[in-house]
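Here the structure comes first, spelled out in structure tokens, and everything after it is commentary.
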Amino acid sequence: MSTAQHETEGAPMDETAGRPDWRVLVVDDEPDLVEVVCGAVRYEGWQARGATTGLAAVEAAAAWRPHAVVLDVMLPDLDGLEVLRRIHARQPEARVLFLTARDAVEERIVGIAAGGDDYVTKPFSLAEVVVRLRGLLRRAAPPAAPGQPPPHALVLGDLVLDDRAREVTRGGEAVELSPTEYALLAHLMRHPRQVLSKAQILDAVWSYDFGGQAHIVELYISYLRKKVDAGRSPMIHTVRGAGYLIKAAT
């Protein structure tokens, strides 16, 4: 394990300190190092979780949605760059601090170019890790309150569409959609309680002329109803002779 001393006692506090809504994921193949860094993170008042493999890190990030990730470059399964790529595919706003034993300038450039925000080289001091995390968290999106959707999400009743994560939930349960279903739902949610004609939907979602094949809209509306409204009060409604609208369930 790399030498790491807990040096956060007496460190100056700032606006990020003592914020239990900040979540930090610590990823390294050395369990003792993960435990020590997680302890330093919790000392700052933030939440911490650890992972010792790349796959475990990707799964933890998808489930927990950390604001920052302390990420070792060398892992036993996926390397750190691949872990970063997979995390950013679902959560591009997550900040990433690389841990690396590689001190070559080229290696550091590769990590930053791949989407990393900062790095520290092993052996490191915990004080340095904490200071760098503070800087990353200051630039992170403000965390949503527990149980609340992020501020950028589209929300209609209990239906939430997070366009950054490309995730949809209803009543807190995930709704799995195809890309076209997702685009259709997003368009409807951007115009709540507004009747949209088939022609308007075709133009916005498919972006080209289907040669009068408006039945494609009917087909995908039926797909959406099966996934969004199934077993629940309906939100997607047909206005006969006019089109479709979405509104909160009553």
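Heavy atoms only: backbone and side chains are in, while hydrogens, waters and symmetry mates are out.
Side-chain atoms of Asp117 never come within 3.5 Å of backbone atoms of Leu136 as a donor-acceptor pair (strictly under, hydrogens ignored). Here the side chain of Arg170 pairs a donor or acceptor atom with the backbone of Val228 at under 3.5 angstrom. Formation of a donor-acceptor pair under 3.5 Å by the His67 side chain with backbone atoms of Arg95 is not found in this model. Side-chain atoms of Asp229 come within 3.5 Å of backbone atoms of Met235 as a donor-acceptor pair (strictly under, hydrogens ignored). Counting only distance, with no hydrogens or angles, the side chain of Arg132 and the backbone of Val120 share no donor-acceptor pair below 3.5 Å. With hydrogens and angles ignored, the 3.5 Å screen pairs a side-chain donor or acceptor of Arg42 with a backbone N or O of Ala48. Judged by distance alone, with hydrogens and angles left aside, the side-chain atoms of Asp162 form no donor-acceptor pair with the main-chain N or O of Glu167 at under 3.5 Å.
Side-chain contact between Val96 and Val83: absent, with no pair of heavy atoms (C-beta onward) separated by less than 4.5 Å. Between Val37 and Asp28 there is no side-chain heavy-atom pair separated by less than 4.5 Å. Counting heavy atoms from C-beta outward, Trp22 and Arg134 have side chains that stay 4.5 Å or more apart. The shortest distance between side-chain heavy atoms of Leu84 and Leu81 does not fall below 4.5 Å. Using a 4.5 Å heavy-atom threshold, the side chains of Tyr244 and Glu218 count as touching. Residues Leu184 and Leu177 fail the side-chain proximity criterion, which asks for heavy atoms closer than 4.5 Å. At least one side-chain heavy atom of Thr238 sits less than 4.5 Å from a side-chain heavy atom of Arg225. By the 4.5 Å heavy-atom criterion applied to side chains, Met74 and Lys122 are not counted as neighbours.
Atom CD1 of residue Ile221 and atom CD1 of residue Ile236 lie 5.5 Å apart, to the nearest 0.5 angstrom. Distance CG/Leu202 to CG/Leu196: 11.5 Å, rounded to 0.5 Å. Note that SG of Cys38 and CD of Gln47 are 11.5 Å apart. Values are rounded to the nearest 0.5 Å. Between the CZ atom in Arg166 and the CZ atom in Arg90 there is a gap of 12.0 Å [rounded to 0.5 Å]. Note that CG of Leu219 and CG of Leu224 are 10.5 Å apart. Values are rounded to the nearest 0.5 Å. Note that CZ of Arg190 and CG of Leu185 are 9.5 Å apart. Values are rounded to the nearest 0.5 Å.
A pairwise comparison of heavy atoms in His237 and Pro234 identifies NE2-O, 3.5 Å as the closest pair. Closest approach of Thr53 and Pro76 over heavy atoms only: CG2-CG, 4.2 Å. Here the closest heavy-atom approach between residue Ser178 and residue Glu181 is recorded as N-OE1, 2.8 Å. Between Phe124 and Leu99, the closest heavy-atom pair is CE2-CD2, 4.1 Å. Taking each heavy atom of Ala94 and Pro66 in turn, the nearest pair found is CB-O, 3.9 Å. Here the closest non-hydrogen pair linking Ile87 and Ala57 is CD1-O, 4.5 Å.
One hydrophobic cluster, built from ILVMFWY side chains closer than 4.5 Å, cannot hold both Val131 and Leu126; they sit in different ones. Clustering ILVMFWY residues whenever any of their side-chain heavy atoms sit less than 4.5 angstrom apart, transitively, puts Leu25 in the very cluster that holds Leu78. Leu156 and Leu154 fall within the same hydrophobic cluster, where Ile, Leu, Val, Met, Phe, Trp and Tyr residues are linked whenever their side-chain heavy atoms come under 4.5 Å apart, directly or through other members.
Around CD of Glu35, the count of heavy atoms belonging to other residues, nucleotides or ligands within 6.0 Å does not exceed 12.
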Worked check of side chain to side chain contact (heavy atoms under 4.5 Å, CB included) between Trp46 and Leu137
CA-CA 11 Å; Trp46 309 323; Leu137 290 173; 3.8 Å; yes
Could you please spell out the steps behind the side chain to side chain contact (heavy atoms under 4.5 Å, CB included) verdict for Val168 and Leu161?
CA-CA 5 Å; Val168 176; Leu161 185 146; 3.9 Å; yes
Step by step, would you call Asp32 with Val36 a side chain to side chain contact (heavy atoms under 4.5 Å, CB included)?
CA-CA 6 Å; Asp32 290 344; Val36 169; 5.6 Å; no
CA sep, side-chain torsions, deciding dist, call: Ile246, Met189, side chain to side chain contact (heavy atoms under 4.5 Å, CB included)
CA-CA 7 Å; Ile246 191 168; Met189 290 185 70; 4.1 Å; yes
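Salt bridge present: Arg65 and Glu93 bring a charged side-chain N and a carboxylate O closer than 4.0 Å.
His191 is linked by a ring pair (Phe, Tyr, Trp, His ring centres under 6.0 Å) to His187, counting only residues two or more places apart in sequence or in another chain. The ring pair (Phe, Tyr, Trp, His ring centres under 6.0 Å) search around Tyr220 returns Trp206, Tyr223, not counting sequence neighbours.
Residues Val195, Val239 make up the rest of the hydrophobic cluster containing Leu245, defined by ILVMFWY side-chain heavy atoms closer than 4.5 Å, directly or through other members.
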